[in-house]
**Q** 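Pasting in a structure now, in structure tokens, and then I'll have a few things to ask.
Per chain, numbering begins at 1; letters A, B, ... match sequence-line order.
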Protein chains: 2
Amino acid sequence: METRELRYFLAVAEELHIGRAAQRLGMAQPPLSRAIQRLERRLGVTLLERTGRGVQLTDAGAVLRDEGRAALDAVHAAERRTRRAAPAPVTSRPAVVLVTKAGASSELLAKLLEAYAAEPDSAEVEVLLCGIGEQESMLRDGQADVALLHRPFDSGVGFDTEDLRSEGQMLLLPAGHPLSSCESLRTADVDAIADPPPARWPTAVGHYPEGPGPQVRDLTQLLQLVALGRAWTMLPESVRADLRSDVVGVPVVDAPTVTTMIAWPPQSRSRALAALVRVATAL
Amino acid sequence: METRELRYFLAVAEELHIGRAAQRLGMAQPPLSRAIQRLERRLGVTLLERTGRGVQLTDAGAVLRDEGRAALDAVHAAERRTRRAAPAPVTSRPAVVLVTKAGASSELLAKLLEAYAAEPDSAEVEVLLCGIGEQESMLRDGQADVALLHRPFDSGVGFDTEDLRSEGQMLLLPAGHPLSSCESLRTADVDAIADPPPARWPTAVGHYPEGPGPQVRDLTQLLQLVALGRAWTMLPESVRADLRSDVVGVPVVDAPTVTTMIAWPPQSRSRALAALVRVATAL
DNA sequence: AGGCGTCATACCTCTGCGGTATCGGGAGGG
DNA sequence: CCCTCCCGATACCGCAGAGGTATGACGCCT
């Protein structure tokens, strides 16, 4: 199975429509139809059910969508990391790319970078800030070499991880909300909030959970919506440092603990990465 | 990057000789030379240093060897698991392939299979027995869906795992060896053994550690060598059930505990696999 | 019944992959 | 010091296969 075939199939599996998938791939529809047929013939497996309106995945097709996505990410990762390993033209090149949610763990991140830079043979670290829930896919497809994740929001499944620190959560409300004057709250109080709805953010697979409340994909959006009185949310206590004056945080004493962890792909062997992890765990 | 290019490069990276790699790939040498050059040009990275005698890997080449191996395994896994997900011609088809070291955890394995078969909607489980240290690669490249691993011999890194049980280790000696009459031993006693040397088995990356002592790759070889007085070894206590009469086991009270765990690729979502894991943890 | 939307088929072109023959350069032996 | 061997690179050729256009087949909705 060639990566081209995999790319084609994944486009079809996502669009569930051969014509649109072809458009997305920048090619005509007939060659794509044939490519999928060839793939099915070679695998000896029917991947699609052709209906009058687009196509549906068979069970085998769903397996190939999931496994194939992981495989294609692995190929992209190999490609990106190989390119990055090329000897650079003298000037500093990032030896490690670290990704984390924009706005999360900013104090921890600053300490980590500072401590690592103080190491005798430290390399350049490029910091990539992404939206909520995007770190794991960036790690998988090689856009990054190491990530800061936050359990239970991110799973860390499929990577090597080390826990760095744990913290409680606090409820973020617009200034002036009835609960904003409390010293602390319990989850029962939070569940009882009627008026602004909770904000929703994407899960690891990229979908938004069902429910009322606005969809957000980064901290800025989130804080602005809270400030506008359109949403509430719960976040780790360390965001306190980044709060705007029109947003109030109240500790929720019995909310699940959030653990910040450092994660990297298991086959990674680079010296720079190992040193970064060692510094992180020693913080 | 196409999987063909990756396959070609990996052959060269392993042989460090383009002619031999071409032979192994069943093709002529010139097209392989060109394919590697094309790959280097497309990546914009030098992968090989051409010397008079064969080739050497550059740093970037070594990265591509490691990352590419993982990526190619992932593609093979996608292919195999998709084939296996095909609707079968009526008769029972294995829905799950389980791999474990031949001879290890045989009692646990029997209980697991029995308990799973008793489940209401259990599927066919094919059991694959492999040599020492081969389970993880079979899981990675899709020859198996789930494995029984033994920490600390196997790492389980890169997979989801659940611990099943822990046990101590015992020293295996030929009947008649001076230590064979002891009730129990300590690791210091084991380290002091002069005469037969310890057997060596492959590590996760497929190489044998340095040292004296015969190399083995399965339990039968191992027990036969012990019986012949050519080697000693330490194994989990559950092998006691499989010992031949000419091999004696003596518990080593302070040896590291061995944990049997069940492991599966993180993106697996099959119902049958989930049920198998649930049964295993409930044992 | 007719039109539309969607995937499959027919047929053509051309890229690019693999094969054979040969060149070039470095290492080792006489 | 030169000759020879070994190994990778280059030149050139033929063909499989990937993609494009035009068109067919089929189900669905009006």
**Q** Without decimals, in angstroms, what is the distance between A:F9 CZ and D:dA18 P?
**A** 18 Å
**Q** Check for a donor-acceptor pair, side chain of A:H17 on one end and backbone N or O of A:R20 on the other, with a separation under 3.5 Å.
**A**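 It does hold such a pair.
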**Q** Would A:E40 and A:R50 count as a salt bridge (Lys or Arg N to Asp or Glu O under 4.0 Å) here? Give the steps.
**A** CA-CA 13 Å; A:E40 288 181 310; A:R50 278 80 168 167; 3.1 Å; yes
**Q** Measure from the side chain of A:Q37, starting at C-beta and using heavy atoms only, and say which of D:dG20, C:dT9, C:dG19 lies closest.
**A**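 Nearest to the side chain of A:Q37 among the choices is C:dT9.
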**Q** Rounded to the nearest angstrom, tell me the gap between atom CZ in B:R50 and atom P in C:dA27.
**A**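 Going from B:R50 (CZ) to C:dA27 (P), I get 16 Å.
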**Q** Side chains of A:T3 and B:E2: do they bring a donor and an acceptor to under 3.5 Å?
**A**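 Yes, B:E2 and A:T3 have a side-chain donor paired with an acceptor closer than 3.5 Å.
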**Q** Expressed in angstrom and rounded to an integer, what is the separation of A:Q29 atom CD from C:dT6 atom C1'?
**A** 7 Å
**Q** Report the residue (B:P31 or A:P31) whose heavy-atom-nearest nucleotide on DNA chain D is the more 5′ of the two.
**A**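 Result: B:P31.
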**Q** Please tell me which of the listed nucleotides, D:dA18, D:dT21, C:dG19, lies nearest to the side chain of A:R4?
**A** D:dA18
**Q** Whole-Å distance between D:dT21 P and A:L32 CG?
**A** 14 Å
**Q** Measure the distance from CD on A:E5 to P on D:dG17 and round it to the nearest whole Å.
**A**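 So the two atoms are 11 Å apart, to the nearest Å.
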**Q** Below 4.0 angstrom from OP1 or OP2 of C:dG5, is there any side-chain N or O of A:H17?
**A** no
**Q** Which nucleotide, C:dG19, D:dA9, D:dG20, lies nearest any side-chain atom of B:I18?
**A**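 The answer is D:dA9, which lies nearest to the side chain.
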**Q** Can a side chain N or O of B:R38 be found less than 4.0 Å away from OP1 or OP2 on C:dC17?
**A**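 Affirmative; the distance criterion is met.
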**Q** According to a strict under-4.0 Å criterion, is A:S33 in side-chain N/O contact with OP1 or OP2 of C:dC7?
**A**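 No, A:S33 has no side-chain N/O under 4.0 Å of OP1/OP2 on C:dC7.
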**Q** Counting distance only, does the side-chain N/O of B:Y116 pair as donor-acceptor with the main-chain N or O of B:R278 below 3.5 Å?
**A**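 No: the side chain of B:Y116 does not pair with the backbone of B:R278.
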**Q** Output the rounded distance in Å from CG (A:L25) to P (D:dA18).
**A**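 So the CG-P distance, A:L25 to D:dA18, works out to 15 Å.
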**Q** Less than 3.5 Å apart, any donor N or O on the side chain of A:Q37 or A:S33 sitting next to an acceptor on the other?
**A** no
**Q** Please give, in whole Å, the distance from D:dT23 P to A:R34 CZ?
**A** 16 Å
**Q** How many Å lie between CD on A:Q23 and C1' on C:dC7, as a whole number?
**A**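 It is 16 Å, rounded to the nearest whole Å.
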